[in-house]
Amino acid sequence: MTKYNIEFFKLYPLYRTWQNMKNRCTNSNVKAWQNYGGRGIKFSKRWLQYKNFEIDMLPSFKKGLTLERIDNNKGYSKDNCKWATRTEQNRNSRKNVFLEFGGEKKCVREWAILLGIKPATLSWRIHKGWSIDKALTTMVI
């Protein structure tokens with residue numbers, strides 16, 4: 001295998017991430033498009049060229065991490081992207097419900113894990129109109 005081939009395979013996950021990002025933002029035939037391009041999420045003009053994406057994101061890239069937008073309502077750019085684990089990505093989803101209690105803001109799943117209760121139980125309490133205080137401090141029997 002040539003040196004070029006080795007480099008390509010080493011960087012392939014990064015290239016695939018770039019391709020997927022572009023597709024989500026520009027291709028209305030992609031399943032995820034409605035949550036990205038369909039709601040106005042774009043990527044920086046600089047990132048039209050893969051090499052610029054590589055220059056910006058390769059230094060912090062680690063295998064197994066995914067590209068995440070820091071602010072889910074803004075587009076993909078060097079200033080608004082970072083590498084994150086799947087768990088971090090799931091916590092930062094705009095579908096999450098966040099609760100503030102005791103000066104801390106966490107999603108329902110994080111509070112449930114911290115308190116040792118099922119996320120479904122906590123979600124049910126909030127859905128039924130329980131106060132955040134009551135929902136987070138009532139023990140499960």
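- Looking at residues two or more places apart in sequence or on another chain, you find a side chain to side chain donor-acceptor pair (under 3.5 Å) between K51 and E54.
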Report, one line per pair, each donor and acceptor closer than 3.5 Å where one atom sits in a side chain of residues 115-123; sequence neighbours left out.
residue, atom, partner, partner atom, Å
S123, OG, P119, O, 3.1

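- Only one option out of L58, L48, L67 pairs with F53 in a side-chain contact (heavy atoms from CB on, under 4.5 Å); it is L67.
- No side-chain donor-acceptor contact under 3.5 Å links T66 to the backbone of R86.
- Judged as a side-chain contact (heavy atoms from CB on, under 4.5 Å), and not counting sequence neighbours, the contacts of K78 are W47, D56.
- Under a 3.5 Å cut-off, the side chain of N80 and the backbone N or O of R69 do not form any donor-acceptor pair.
- The two residues W33 and C25 have their closest heavy-atom pair at NE1-O, 3.7 Å.
- The six-membered or imidazole ring of W18 lies near that of Y15, with a centre-to-centre distance under 6.0 Å.
- The distance from the CE atom of M57 to the OG atom of S77 is 9.0 Å, given to the nearest 0.5 Å.
- Other residues, nucleotides and ligands contribute at most 12 non-hydrogen atoms within 6.0 Å of the CD atom of Q49.
- Within the model, atoms CG of N73 and CD1 of I41 stand 6.5 Å from one another, a figure rounded to the nearest 0.5 Å.
- Cluster annotation: I126 and L114 are assigned to the same hydrophobic cluster (Ile/Leu/Val/Met/Phe/Trp/Tyr, side-chain heavy-atom contacts under 4.5 Å, transitive).
- Under the side-chain hydrogen bond (donor to acceptor under 3.5 Å, both in side chains) criterion, the residue pairs touching residues 20-29 are R24-Y76, with sequence neighbours excluded.
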Determine all donor-acceptor pairs shorter than 3.5 Å in which one atom belongs to a side chain in residues 130-141; sequence neighbours excluded.
residue, atom, partner, partner atom, Å
S131, OG, K134, N, 3.0
T137, OG1, D133, O, 2.6
T138, OG1, K134, O, 2.7

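- R16 places no side-chain N or O within donor-acceptor distance of the main-chain N or O of Y12, the cut-off being under 3.5 Å.
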| message | Working note: I113 + E110, criterion side-chain contact (heavy atoms from CB on, under 4.5 Å); need CA distance, chi angles, decisive distance, verdict. | response | CA-CA 5 Å; I113 291 168; E110 287 178 295; 6.0 Å; no
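- Residues M21 and F61 share a hydrophobic cluster, clusters being chains of Ile/Leu/Val/Met/Phe/Trp/Tyr side chains in contact below 4.5 Å.
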N/O donor-acceptor pairs under 3.5 Å from side chains in residues 99-109, not counting sequence neighbours:
residue, atom, partner, partner atom, Å
E104, OE1, K106, NZ, 3.2

